[in-house]
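Take this structure first; my questions come after.
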Amino acid sequence: MKVFQHVSDIGDLRVALAEAQEVKRDRYQWQHLGKNKTALLIFFNNSLRTRLSTQKAAMNLGMNVIVLDVNQGAWKLETERGVIMDGDKSEHLLEAIPVMASYCDIIGVRSFARFESRADDYEEKILNQFIKYSGRPVFFMESATVHPLQAFADLITIEEHKQNPRPKVVMTWAPHPKALPQAVPNSFAEWMLAADVDFVITHPEGYELDPQFVKGAHVEYDQMKAFEGADFVYAKNWSCPGVTRPEDYGKVLHDYHSMMDWCVSKRQMAVTNDARFMHCLPVRRNMIVTDEVIEAPRSLVIPEAANREISAQVVIKRMLESL
Ligand code: AN0
Ligand code: CP
């Protein structure tokens, strides 16, 4: 595997899910693969889970790991070609990428949506430069538009906890005080549509996700109706994707105080099929979900986060195998 971005990059999902269980049975059985190999994990944004789980996954495979927080200690990087660099940016991505690549065998990059230009974000301007100029396998650790390591871990978690062969999975928008990217819901939708589940998305009008990720998905604007009979509830906030009104891209469309009905509570969970609650974390309690629901025994947020180590290990293992 040379790039891990979309669900199609992982191939047959049943094979990938079986491989995830094989990793869980003994995560240290492939240490020969990573011997004398180095993973470089580059973070342009904060992280707790991705940083720790991906580093652990690479170590499980016997790799050396270097973690770089670009904004804490490295030079500020210019990303646009052609600019006169007389500002605060000391180095260009076009030098930094091949330099960083010279010290490692595989690269993971986290670079969130910047919300400056919808086109730049949706064309994956930053990650595509890493793919083009590093000459190394590149895996996305949340880019402008996708978070595939999260979606893969979510799928593993659903597979492990489902009680019927084709569970109903509901992804619901929930309120948040700040504008958040669409990467998590985009990838979750992409992966759920590829998996064998009954997938429903619910959100207020105006938050329609990009068709490249949700084409064919069932969208239900009435949250209570969407929750009926759900086996899994996946909560997430996202800002306006700008599909119908590009000028609204990255905006929070309503004052969150007026949207608190969307916060996942016992009221909505009561109409589900005793659903399991999921969220990628970090989560703001009593904005996205009430204390009660996230603390309930039906909440899967901790095993879901633990599965991030497993999804990362399958991906890194596949990359090592193809070096
Ligand atoms: C990020 C987001 O919503 O994309 C990361 C989630 C994994 N969340 C925040 O910035 C709070
Ligand atoms: N879920 C997730 O990616 O968490 P972090 O932002 O802490 O890495």
Side-chain angles (χ1 to χ4, degrees), residues 4-5 39 41-58 65 67-72 108-116 118 121-122 124 126-127 139-158 171-191 201 203 207 209-210 213 234-242 249-253 256 262-264 277-289 294 299-316:
F4 180 62
Q5 174 177 10
L41 310 181
I42 302 169
F43 289 90
F44 287 86
N45 310 93
N46 295 341
S47 168
L48 186 141
R49 279 143 292 273
T50 304
R51 166 192 309 273
L52 298 179
S53 63
T54 312
Q55 182 163 358
K56 177 65 163 51
V65 188
V67 181
L68 177 68
D69 286 300
V70 176
N71 299 321
Q72 285 159 31
V109 184
R110 164 164 286 199
S111 178
F112 285 179
R114 298 177 169 195
F115 297 137
E116 284 162 14
R118 186 181 199 279
D121 285 347
Y122 271 74
E124 291 289 3
I126 305 294
L127 263 292
F139 59 96
F140 287 44
M141 301 196 298
E142 187 169 341
S143 68
T145 66
V146 290
H147 195 2
L149 288 171
Q150 181 64 50
F152 186 14
D154 297 333
L155 178 61
I156 294 168
T157 310
I158 289 169
M171 178 169 79
T172 181
W173 181 95
H176 193 272
K178 293 182 181 169
L180 291 184
Q182 295 108 40
V184 170
N186 283 345
S187 281
F188 188 70
E190 186 189 50
W191 285 67
I201 305 175
H203 57 72
Y207 287 101
L209 291 161
D210 194 287
F213 299 105
Y234 190 91
K236 183 71 185 86
N237 172 267
W238 61 91
S239 62
C240 177
Y249 174 63
K251 287 192 182 152
V252 175
L253 297 178
Y256 68 82
W262 284 81
C263 173
V264 177
F277 177 80
M278 298 178 71
H279 189 280
C280 64
L281 307 181
V283 73
R284 289 183 186 239
R285 284 176 172 223
N286 305 308
M287 290 288 317
I288 303 283
V289 57
I294 198 171
S299 169
L300 286 175
V301 295
I302 307 303
E304 183 183 357
N307 276 335
R308 290 293 307 276
E309 179 181 338
I310 307 304
S311 64
Q313 188 168 338
V314 172
V315 168
I316 295 171

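Values below: every heavy atom of this structure, side chains too, minus hydrogens, waters and symmetry copies. The residues of the chain are indexed from 1 along the displayed sequence. One-based numbering, in listed order, for ligands and for the atoms of each.
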Is the shortest N/O to N/O distance between C280 and ligand 2 below 3.5 Å?
yes
Report the part of L149 (side chain from C-beta onward, or backbone N, CA, C, O) that has a heavy atom under 4.0 Å from ligand 2; answer both or neither where that applies.
neither
Tell me whether E304 contacts the main-chain N or O of H279 through its side chain, where contact means a donor paired with an acceptor under 3.5 Å.
yes
Answer with yes or no whether M141 contacts ligand 2, where contact means a heavy atom under 4.0 Å from a ligand atom.
no
What do we get for E142 next to ligand 1 when only non-hydrogen atoms under 4.0 Å count, side chain, backbone, both or neither?
side chain
Check whether W238 reaches the backbone of Y207 with its side chain - one donor and one acceptor, N or O, closer than 3.5 Å.
yes
Which ligand 2 atoms does H147 reach within 4.0 Å, using its non-hydrogen atoms?
2 (C), 3 (O)
Using a 4.0 Å cut-off to any heavy atom of L281, which atoms of ligand 1 qualify?
7 (C)
Would you call E142 a ligand 2 contact, heavy-atom distance under 4.0 Å?
no
Distance to 0.1 Å, residue and atom name: give those for the protein heavy atom nearest to atom 9 (C) of ligand 1.
L180 CD2, 3.6 Å
Min N/O separation R308 to ligand 2 under 3.5 Å:
yes
For atom 3 (O) of ligand 1, the closest protein heavy atom turns out to be K236 NZ, 2.7 Å
Does atom CG (N71) have a neighbourhood of more than 12 heavy atoms from anything else shown, all under 6.0 Å?
yes
Y249 and F115 aromatic centres sub-6.0 Å:
yes
If you round to the nearest 0.5 Å, how far is CZ of F112 from CZ of F44?
12.5 Å
Measure the spacing between CD of E142 and CG of L127 and express it to the nearest 0.5 Å.
10.5 Å
Locate the shortest heavy-atom distance separating I288 from P175; write the atom from each residue and the value.
CD1-O, 3.3 Å
Among N186, D210, T145, which residue satisfies the side chain to side chain donor-acceptor pair (under 3.5 Å) criterion with Y122?
N186
Which atoms of ligand 2 have any heavy atom of L48 under 4.0 Å away?
5 (P), 7 (O), 8 (O)
Under a heavy-atom criterion of less than 4.0 Å, does P181 contact ligand 1?
yes
Proximity winner for atom 6 (O) of ligand 2, if only heavy atoms of R49, R110, E304 are counted
R110
Can you name the one residue among L41, N45, N46 that meets side-chain contact (heavy atoms from CB on, under 4.5 Å) with F43?
L41
Are any of the N/O atoms in N46 less than 3.5 Å from those in ligand 2?
no
